[in-house]
Amino acid sequence: MKIATWNVNSLKVRLQHVIDWLGESKVDALCLQELKLTDDKYPRAELEAHGYRSWFAGQKTYNGVAILVRDGLDVDDVTVVRNIPGFEDLQQRVIAATVGGVRLVSAYFPNGQAPGTEKFAYKLAWLDAMHDWLAQEMQQYPKLALLGDYNIAPEDRDVHDPKAWEGQNLVSPEERAQFERLIALGFVDSYRQFEQPEKTFTWWDYRMFAFRRNAGLRIDHILLSPELAPSLVSCEIDKVPRKWEQPSDHTPVIADLNLAA
DNA sequence: ATGGCCTTGTGGCAAGGA
């Protein structure tokens with residue numbers, strides 16, 4: 001089973017990119033973030049016409065997440081969860097569904113703006129709630145994958161210029177400590193389970209020719225629970241959609257799982 | 001060099017993103 005995550009920065013603008021990418025990658029499940037549309041505007045029919053059903057949680061202008069599932073895979077409708085249970089939040093950042101026996105969580109972690117700000121405090125509180133919920137969720141669903149835009153670059157090698165970024169939002173010690181708390185639950189970072197080229201990122205600023213200069217960050221991740229991690233066959237970042245016309249500033253990450261193993 | 005670019009919703013710009 002191939003699973004993937006992609007922050008599309010507006011599903012309205014990027015719908016054709018998503019359809020094209022699904023056609024090429026043929027992933028079984030795709031977690032999307034930053035839909036930036038309300039549920040009534042969700043392009044359900046267009047995606048179904050291309051062989052993918054959707055579960056989503058949208059909102060106006062900001063945030064919004066979805067899980068797209070290829071026809072033929074079993075999805076348990078009853079256990080779909082939107083938002084972090086018990087965490088009051090008007091922002092739509094989380095949706096979870098069980099797909100082909102694997103619990104998938106599509107998450108758009110808060111940006112945080114800058115350390116010391118109100119939004120940064122919200123990010124840390126959100127991360128606390130996510131950590132505690134995942135600890136429970138993993139008990140209930142031992143085969144669990146957390147896919148999304150984490151808005152955290154876990155290590156200096158995930159940053160094009162660690163000195164310039166030191167202490168900044170997305171790389172600060174507080175945020176990295178939160179990432180490590182997830183790892184302490186037993187999660188493994190799919191991408192780092194394999195030899196990877198240096199300077200591989202998932203996001204590049206639209207400004208300053210950042211993509212051309214490869215001035216990016218690796219902030220989109222696929223974490224696998226201990227029960228699921230042994231199934232991991234490969235993990236890669238697909239830079240190609242970032243080269244398309246009018247691209248998202250993020251690019252997809254794919255993990256291939258062999259569930260029979 | 002604290003900007004640059006993109007999206008949204010609004011209304012002739014501001015907010016948010018990372």
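None of these values were measured; they are calculated from a predicted model. Computed from heavy atoms alone, side chains included, the values below leave out hydrogens, waters and symmetry copies. The chains referred to below are lettered A, B, ... by the order of the sequence lines, with proteins before strands, and numbering in each begins at 1.
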Scan Asn151(A) against the nucleic acid and name what it touches under 4.0 Å (heavy atoms): base, sugar-phosphate only, or nothing.
sugar-phosphate
Co-members of the apolar cluster containing Leu47(A) [side chain, <4.5 Å]
Trp6(A), Val8(A), Leu11(A), Leu15(A), Val18(A), Ile19(A), Trp21(A), Leu22(A), Val27(A), Leu30(A), Leu32(A), Leu35(A), Leu37(A), Tyr42(A), Tyr52(A), Phe56(A), Leu68(A), Val240(A), Trp244(A), Ile254(A)
Taking the nucleotide of DNA chain B with the nearest heavy atom to each, does Lys119(A) or Lys60(A) sit closer to the 5' end?
Lys60(A)
Considering residues at least two apart in sequence or located in another chain, which fulfil the ring pair (Phe, Tyr, Trp, His ring centres under 6.0 Å) criterion with Phe211(A)?
Trp204(A)
Can you tell me how far P in dC13(B) sits from the matching atom in dT2(B), rounded to whole Å?
23 Å
Base, sugar-phosphate, or nothing: which does Tyr150(A) touch, judged by heavy atoms less than 4.0 Å apart?
nothing
Asp71(A): partners by side-chain hydrogen bond (donor to acceptor under 3.5 Å, both in side chains), with sequence neighbours left out:
none
Please list, in 5' to 3' order, the outermost nucleotides of DNA chain B lying under 4.0 Å from any heavy atom of chain A.
dG4(B) to dA18(B)
Please give the distance between the P atoms of dA1(B) and dG11(B) as a whole number of Å.
38 Å
Hey, which of these two, Asn7(A) or Arg207(A), hits DNA chain B nearer its 5' end, going by closest nucleotide?
Arg207(A)
When you compare dC5(B) with dT10(B), how far apart are their P atoms, in angstrom units rounded to a whole number?
25 Å
Regarding Gln168(A), tell me which of base, sugar-phosphate or nothing describes its non-hydrogen contacts under 4.0 Å with the strands shown.
nothing
Restricting to side-chain contact (heavy atoms from CB on, under 4.5 Å), what partner residues turn up for Ala57(A), sequence neighbours left out?
Val65(A), Arg82(A), Gln92(A)
Between Val253(A) and Asp220(A), which heavy-atom pair has the shortest distance, and what is it?
CG2-O, 3.8 Å
Any residue meeting salt bridge (Lys or Arg N to Asp or Glu O under 4.0 Å) with Arg176(A), in chain and number order, not counting sequence neighbours:
Asp156(A)
